[in-house]
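These figures come from a predicted structure and were not determined experimentally.
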Amino acid sequence: MKWTARDWRQFIAIIFLALANIPLSVAFFWAQYTVHFAPDNDFAFWLGIAAGSLIAIDIIGLSAILGRRTFRFKVGENEMEASGEEAERVMEQAE
């Protein structure tokens, strides 16, 4: 089975989103470490808030890519299409 262009785009998006969390995690750790030893450092505090927010957005993006499912069945002239949570229910019923 060959990958379609959409599969490749999703794969590349997943890789980039996963790799984006590495420097964000380093910045988040540095900010927490700095605020722990110098609580009056406002720059480190806001950097930590920003890095944590970006990590959360990144994880939501990953879940959106991985959670998107669409199934299409065609048997003879009958066709069935399901997407999202409905698709998972259809696949569970088919098993």
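- Hydrophobic clustering of Ile, Leu, Val, Met, Phe, Trp and Tyr side chains at less than 4.5 Å, counting indirect connections, keeps L19 apart from I57.
- In this view, F16 and I12 satisfy the side-chain contact (heavy atoms from CB on, under 4.5 Å) rule, not counting sequence neighbours.
- By the criterion of side-chain heavy atoms lying less than 4.5 angstrom apart, applied directly or through intervening Ile, Leu, Val, Met, Phe, Trp or Tyr residues, I59 is grouped together with L24 in one hydrophobic cluster.
- Taking CG from L17 and CG from D58, the interatomic distance works out to 4.5 Å, rounded to the nearest 0.5 Å.
- Grouping the Ile, Leu, Val, Met, Phe, Trp and Tyr side chains by contacts below 4.5 angstrom, directly or via other members, places I22 apart from F28.
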Could you pull out every donor-acceptor pair under 3.5 Å between side chains of residues 34-43 and any protein atom, sequence neighbours left out?
{"residue": "T34", "atom": "OG1", "partner": "W30", "partner atom": "O", "Å": "2.8"}
{"residue": "N41", "atom": "OD1", "partner": "F43", "partner atom": "N", "Å": "3.2"}
{"residue": "N41", "atom": "OD1", "partner": "A44", "partner atom": "N", "Å": "3.2"}

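- Closest non-hydrogen pair, L62 versus I14, comes out as CD2-O, 3.9 Å.
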